[in-house]
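Notes follow once the structure below has been shown.
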Amino acid sequence: MKITLITVGKIKEKYLRDAIAEYSKRLSRYCKLEIIEIPDEKTPDQASEVEENSIKDKEGERLLKHIRDDMYVITLEIGGKMLSSEELAEKIESLGIQGKSSIAFVIGGSIGLGKKVLARSDCALSFSKMTFPHQLIRVILLEQVYRGYRIMNGEPYHK
């Protein structure tokens with residue numbers, strides 16, 4: 001299985017880069033992982049809805065360039081479906097059984113994802129009703145994917 005994270009913006013904080021590197025290393029025994037970072041647009045303070053939509057559209061075009069037709073696309077959205085760790089593991093496993101060999105997780109920038117990216121999504125996933133920094137959610141996502149593979153393989157994981 002190939003897992004691709006397609007994200008807006010670069011990780012600036014070393015502790016987050018270190019955590020991402022650690023989970024990337026752990027995941028390497030279960031799947032092929034690729035992380036693609038696209039440049040973010042500067043969002044002015046008190047941006048209007050029109051400005052925000054324009055920014056999301058520009059970032060969305062960059063994201064879509066990395067989404068292939070054969071990818072199963074899971075967008076991370078506040079309004080998405082919340083799954084337990086076991087349910088996420090089951091989702092990934094069932095996609096593999098269905099012959100989907102490539103899953104793309106898409107994480108937008110600080111103001112979210114554009115309409116075209118949302119339209120391309122096969123599944124909207126939410127980790128919480130709370131808002132998290134989009135840089136931190138990468139670490140949380142990688143940890144959950146790693147946990148999912150541990151669950152699928154019947155290996156111990158922290159409950």
Side-chain angles (χ1 to χ4, degrees), residues 1-83 85 88-89 91-92 95-96 100-149:
M1 172 87 53
K2 179 170 184 191
I3 304 284
T4 305
L5 260 64
I6 308 171
T7 66
V8 174
K10 293 217 175 288
I11 300 290
K12 295 170 186 77
E13 296 82 2
K14 184 181 181 322
Y15 71 97
L16 291 174
R17 286 194 314 266
D18 290 347
I20 289 167
E22 178 62 28
Y23 283 110
S24 296
K25 185 177 99 182
R26 290 182 187 191
L27 277 165
S28 67
R29 65 184 282 230
Y30 300 105
C31 65
K32 183 175 180 345
L33 176 68
E34 180 180 18
I35 300 175
I36 299 169
E37 295 178 329
I38 63 115
D40 57 343
E41 292 286 320
K42 297 292 179 239
T43 305
D45 292 337
Q46 283 115 25
S48 70
E49 186 177 337
V50 171
E51 288 174 306
E52 285 190 356
N53 286 335
S54 174
I55 289 166
K56 288 191 280 189
D57 289 344
K58 287 176 187 173
E59 291 174 346
E61 290 301 321
R62 291 185 198 130
L63 290 167
L64 288 167
K65 286 180 183 174
H66 297 283
I67 297 174
R68 296 186 322 273
D69 290 343
D70 67 332
M71 289 177 157
Y72 185 88
V73 178
I74 301 175
T75 47
L76 273 64
E77 305 175 39
I78 291 173
K81 185 175 182 182
M82 287 189 224
L83 301 175
S85 297
L88 180 61
K91 177 84 173 166
I92 293 169
L95 287 170
K100 304 279 187 198
S101 61
S102 186
I103 300 173
F105 288 93
V106 181
I107 303 172
S110 58
I111 57 172
L113 294 165
K115 288 183 179 119
K116 288 182 181 176
V117 176
L118 296 175
R120 174 59 182 88
S121 178
D122 296 303
C123 174
L125 178 66
S126 174
F127 283 108
S128 172
K129 290 183 180 181
M130 291 184 260
T131 302
F132 295 102
H134 58 280
Q135 297 94 343
L136 180 59
I137 208 69
R138 292 185 208 183
V139 176
I140 296 169
L141 173 62
L142 288 173
E143 190 280 333
Q144 285 299 302
V145 172
Y146 171 69
R147 183 180 297 265
Y149 275 104

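Quantities reported herein were computed from a predicted structural model and do not represent experimental measurements.
For the pair Ile78 and Ser126, the tightest heavy-atom approach, listed with the atom from each and the gap, is O-OG, 3.1 Å. Of all the heavy atoms in Arg29 and Arg26, the pair that sits closest is CG-O, 3.4 Å. In terms of heavy atoms, Cys31 sits closest to Ile3 at SG-CG1, 3.7 Å. Nearest heavy atom pair, residue Val8 against residue Pro39, reads CG1-O, 4.4 Å. Residues Tyr146 and Leu27 come closest through the heavy atom pair CA-CD2, 3.6 Å. Taking all atoms of both residues into account, the shortest heavy-atom contact from Gly112 to Glu59 is O-OE1, 4.3 Å.
Applying the salt bridge (Lys or Arg N to Asp or Glu O under 4.0 Å) rule to Asp57 yields no partners; only residues at least two apart in sequence or on another chain are considered. Remark: Ser102 engages Arg68 in a side chain to side chain donor-acceptor pair (under 3.5 Å) (not counting sequence neighbours). A search for ring pair (Phe, Tyr, Trp, His ring centres under 6.0 Å) contacts involving Tyr72 returns nothing, not counting sequence neighbours. Contacts of Glu13 classified as salt bridge (Lys or Arg N to Asp or Glu O under 4.0 Å), with partners at least two apart in sequence or in another chain: none.
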Checklist line | Evaluation steps, side chain to side chain contact (heavy atoms under 4.5 Å, CB included), between Tyr149 and Ile92 | finding: CA-CA 9 Å; Tyr149 275 104; Ile92 293 169; 3.9 Å; yes
Notebook entry, point to check: When you look at Lys2 and Ser101, which way does the side chain to side chain contact (heavy atoms under 4.5 Å, CB included) test go after all the steps?
Noted result: CA-CA 6 Å; Lys2 179 170 184 191; Ser101 61; over 6 Å; no
Next item on the list: Begin with the C-alpha distance, continue with both residues' side-chain angles, and end with the deciding distance and a verdict on side chain to side chain contact (heavy atoms under 4.5 Å, CB included) for Leu63 and Leu113.
Entry: CA-CA 9 Å; Leu63 290 167; Leu113 294 165; 3.7 Å; yes
Next item on the list: Take Ile20 and Leu5 through the side chain to side chain contact (heavy atoms under 4.5 Å, CB included) test and state the conclusion after the steps.
Entry: CA-CA 11 Å; Ile20 289 167; Leu5 260 64; over 6 Å; no
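Atoms CD1 and CD1, on Ile67 and Ile6 in that order, are 4.5 Å from each other to the nearest 0.5 Å. Remark: Asp40 CG to Ile38 CD1 distance equals 7.5 Å, nearest 0.5 Å. Separating the CD1 atom in Ile137 from the CZ atom in Phe127 is a distance of 5.5 Å, to the nearest 0.5 Å. In this structure, OG1 on Thr43 lies 3.5 Å from CD1 on Ile55, to the nearest 0.5 angstrom. Atom-to-atom distance recorded for Ile107:CD1 and Ile35:CD1 is 9.0 Å, nearest 0.5 angstrom. Taken to the nearest 0.5 Å, the OG1 atom of Thr4 stands 4.0 Å off from the CE atom of Met71.
For residues 131-142, the set of pairs meeting the side chain to side chain donor-acceptor pair (under 3.5 Å) definition, not counting sequence neighbours, comprises Thr7-Arg138, Glu37-Arg138. The side chain to side chain donor-acceptor pair (under 3.5 Å) analysis of residues 110-122, with sequence neighbours excluded, yields the pairs Glu61-Lys116, Thr75-Ser121, Arg120-Asp122.
Between Glu41 and Arg62, the closest side-chain pair of non-hydrogen atoms falls below 4.5 Å. Inter-residue side-chain proximity for Ile103 and Val145 is flagged as unmet; no heavy-atom pair is nearer than 4.5 Å.
By the 4.0 Å N-to-carboxylate-O rule, Lys56 lies too far from Glu52 to be salt-bridged with it.
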